[in-house]
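Structure first, commentary second.
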Amino acid sequence: MNKFDQIAESEEFKELKRSKNRFIWPIAILFFIYYLAFPLMAGYAKPLMSHFLFGNITFGYLYGLTFYFVAWALAGIYVVKAKSFDKKVEEITEKYFEKGAS
Amino acid sequence: MNAADIFGIVIFVLIVSLTMYVTYWASKRNRDASDFYAAGRSLTGMQNGFAIAGDYLSAASFLGIAGLVALHGYDGFMYAVGWLMGYVIVLYIVAEPFRNSGKFTLADVLSFRLSQRPVRSASAVVTLAVTLFYMVAQLVGAGAIIQLLVGIPYEFAIIFIGILMIIYVSVGGMLATSWVQIIKAVLLMSAMIIMILFIGVIFNFNINSLFGTVIDTNGVQFLEPGQLYTNPIDLFSLGMALILGTAGLPHLLVRFYTVPSAQAARKSVIWAMGIIGIFYILITFIGFAASSLVGRDRIMEVDAGGNMAAPLLGAYLGGGEGTFGGELFMSAIAAVAFATIIAVVAGLVITGAGAFAHDIYTNVIKRGEVDSDKQFKVARRASLVIGIVSILIGILAKDMNVAYLVVLAFCVGASANLPVFIFSIYWKRFNTTGAVASMLIGTIAAVGLVMIGPSVMGDNAIFPLANPGVVSIPLGFLSAIVFTFLGKRDEEEAKYSEMTVRANTGIEAE
């Protein structure tokens, strides 16, 4: 069995993949749905979108702006979470790869 | 020739000399295929983030979206929002595994665990198609814009841009291309921020008063949806192409090879998201300000498509059209628009050259048996050929309506590249049959539906939507799954372990 198979079969690696998948997919899919609600809202909820919330600012404008801030927030969350994955990766490579390679 | 024109020419000459100097500097570090395609993997995350922004923010974004907002208000704003959204998918799903499992091209990743030659050929064809659509849109737009801004003939503008992009790419490789893109990103963002400061002073840095003026000049319906997009399904379809297509654009993805690690790739997406997000928020302010300060009538008088909204606003902010300050401002914007165009087309040339030289020539025709010296030579020659072909197509496409080609590029990216990438990395059972079928069906569906849609056939369209994404993207994913089960299992299935370990850990990444 070569190194890659060995790692692929290891509990640590499987756990890493599981926790990564549990993190990336729900967020990516929810974000996808959240964004695609936007054109539908513009088409089918025009009164709400055109409603003035503060002075001359409409609901639709603020709603549109939320996408930028949500995207940036998700980028921040990803960076924090990815650091914990980096640590796990380091443990795995140390255990299976560098030691085994020498 | 007045003083403002001379000022414009000076900025223009400065930009060209600076990028030429960078190309000369990069040429000394451009020694092998890894330098040529991937800048020797020497960029930092921040540098690559700026370069991604420079690669992505086209003249269509700068001039086109400002115009859309200026003419159609809220719908233009809504259109602008979509362009950042795809980066969430790039960051979460694509960037790091992509960086970890490839070398020079998108096909490196897609063919990693599948049968090399069929998958690589299909992927190279898709890359060339996406690059071609994007390139034609850029060049035709660029020729028209330069003609409008500077007054030089269309063909001359195309040839001039073409020669510059060929020099950057074939002499300076990816390093020069990256720095041209970084310089452009800095110039473009600076120009925008200066304009925003001027606009801010007029409206006391108060968004409410900006929108108040917009309502006074254009009516309250200008801030309501439905001015431009009357079919929500078409808009939904466009949204789908933007959010999923960004992650399937080859010229953007290959930028991840220019950094040394997955961590740096991550950092570059973060920087890019910051710059690109700020850009699209600010550009809508420029559009709204132009709609009330310059006026829609004047904007449409100069260019019916609205492309001159930002330059005209610049002239207004500088003191008015015809004044020295106004002309000065307009010249500066013209120079920035020019830098924007050359940075984007250079990125496209190098990507096309990779698909041709690295995928088709080196790996499919010669089966990888090409020494590194020869690879480097072929890559440079391919960039020359791609550049010349682009110039010719750009000239032939004059006066054609090519605005839909950018969205078509996103659509093909989402329908043909993204499914194969996702299943390659995340689905063990995926196989060669599924990959080739998905790439072919996704591409043909996206292109075919545009051909029979309203963008090409006008009122006689057979397919009702201008944006085919809502059909072609699910079709790309579905055909990947269906044909995987129809085809036989790959002999290389064992390589999935290697790929998944590499993608997730970066072990042995080049």
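Throughout, protein chains are lettered first and strands after them, A, B, ... in sequence-line order, and every chain is numbered starting at 1.
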Subject >> Heavy-atom closest pair, residues Gly64(A) and Val81(B) >> reply: O-CG2, 3.9 Å
**OP:** Could you look at Gln221(B) and say if it's the side chain, the backbone, both or neither that has a heavy atom under 4.5 Å from chain A?
**Re:** neither
Original post:
Checking Ile281(B) against chain A: side chain, backbone, both or neither under 4.5 Å from a heavy atom?
Top reply: both
Original post:
Do you know which two heavy atoms are closest between Ile7(A) and Ile507(B), and how far apart they sit?
Top reply: CD1-CD1, 3.7 Å
**OP:** Could you look at Leu65(A) and say if it's the side chain, the backbone, both or neither that has a heavy atom under 4.5 Å from chain B?
**Re:** both
Subject >> Heavy-atom side-chain contact between Trp25(A) and Ile93(B) under 4.5 Å >> reply: yes
Original post:
Among Tyr63(A), Phe67(A), Trp72(A), which has the most heavy-atom pairs under 4.5 Å with chain B?
Top reply: Trp72(A)
**OP:** Using a 4.5 Å cut-off on heavy atoms from C-beta on, say whether the side chain of Phe38(A) contacts that of Leu235(B).
**Re:** no
Original post:
Who among Leu16(A), Leu74(A), Val70(A) has the most heavy-atom pairs with chain B under 4.5 Å?
Top reply: Leu74(A)
Original post:
With respect to chain B, which residue among Gly43(A), Gly76(A), Ser50(A) yields the maximal number of heavy-atom pairs within a distance under 4.5 Å?
Top reply: Ser50(A)
Original post:
What option among Ser209(B), Gly226(B), Gly82(B), Pro232(B) has the most heavy-atom pairs under 4.5 Å with chain A?
Top reply: Pro232(B)
Original post:
Top residue by heavy-atom pair count (under 4.5 Å) with chain B, among Ala28(A), Gly55(A), Gly60(A)?
Top reply: Gly60(A)
Subject >> Close side-chain approach of Tyr78(A) and Glu96(B), heavy atoms under 4.5 Å >> reply: yes
Subject >> Region of Val214(B) in contact with chain A, defined by heavy-atom distances below 4.5 Å >> reply: neither
**OP:** Please state whether the side chain, the backbone, both or neither of Leu91(B) comes within less than 4.5 Å of a heavy atom of chain A.
**Re:** both
**OP:** Taking salt bridge (Lys or Arg N to Asp or Glu O under 4.0 Å) as the test, write out the residues that go with Glu12(A), two or more places apart.
**Re:** Lys95(A)
Original post:
Has Lys83(A) got more than 12 heavy atoms of other residues, nucleotides or ligands less than 6.0 Å from its NZ?
Top reply: no
**OP:** Give the C-alpha distance, both sets of side-chain angles, the deciding distance and a yes or no for side chain to side chain contact (heavy atoms under 4.5 Å, CB included) between Asp86(A) and Arg266(B).
**Re:** CA-CA 12 Å; Asp86(A) 284 349; Arg266(B) 181 190 309 158; 2.9 Å; yes
**OP:** For Phe13(A) and Thr500(B), work out which heavy atoms get closest and say how close.
**Re:** CZ-O, 3.5 Å
Original post:
Given a strict heavy-atom distance threshold of 4.5 Å, which part of Ile278(B) is in contact with chain A: side chain, backbone, both, or neither?
Top reply: both
Subject >> Exceeds 12 heavy-atom contacts within 6.0 angstrom, atom CH2 of Trp271(B) >> reply: no
Subject >> Close side-chain approach of Lys495(B) to Phe4(A), heavy-atom, < 4.5 Å >> reply: no
Subject >> Tyr61(A) ring center near Phe211(B) ring center (under 6.0 Å) >> reply: yes
Subject >> Largest heavy-atom contact set with chain B, pairs under 4.5 Å, which of Tyr44(A), Phe54(A), Phe85(A) >> reply: Tyr44(A)
Original post:
Can you say whether Tyr426(B) sits under 4.5 Å from chain A via the side chain, the backbone, both, or neither, judging by heavy atoms?
Top reply: side chain
**OP:** Looking only at non-hydrogen atoms, find the nearest pair between Leu84(B) and Ala71(A) and report the distance.
**Re:** CD2-CB, 4.1 Å
**OP:** Please flag which part of Lys88(A) lies under 4.5 Å from any non-hydrogen atom of chain B: side chain, backbone, both or neither.
**Re:** neither
**OP:** Select all residues of residues 70-80 of chain B having any heavy atom within less than 4.5 Å of some heavy atom of chain A, and report them by number, or 'none'.
**Re:** Tyr74(B), Phe77(B), Met78(B), Ala80(B)
Original post:
Side chains of Phe52(A) and Ile215(B): closer than 4.5 Å at any heavy-atom pair?
Top reply: yes
**OP:** Determine whether Phe32(A) and Met240(B) make a side-chain contact, defined as any pair of heavy atoms from C-beta on separated by less than 4.5 Å.
**Re:** yes
Original post:
Aromatic ring centroids of Phe23(A) and Tyr92(B) under 6.0 Å?
Top reply: yes
**OP:** To the nearest 0.5 Å, tell me how far Asp5(A) CG sits from Glu498(B) CD.
**Re:** 8.5 Å
**OP:** Locate the shortest heavy-atom distance separating Asn504(B) from Val89(A); write the atom from each residue and the value.
**Re:** O-CG2, 3.5 Å
Original post:
Looking only at heavy atoms, what is the nearest atom pair of Pro225(B) and Lys46(A), with distance?
Top reply: O-CE, 3.0 Å
Subject >> Interchain contact, Lys20(A) with chain B, by part (heavy-atom threshold 4.5 Å) >> reply: side chain
Subject >> Top contributor to chain B interface from Val79(A), Leu40(A), Asn21(A) [non-hydrogen pairs under 4.5 Å] >> reply: Leu40(A)
Original post:
Rounded to the nearest 0.5 Å, what separation is found between the OG atom of Ser497(B) and the CD atom of Glu9(A)?
Top reply: 6.0 Å
**OP:** Please state whether the side chain, the backbone, both or neither of Ile422(B) comes within less than 4.5 Å of a heavy atom of chain A.
**Re:** side chain
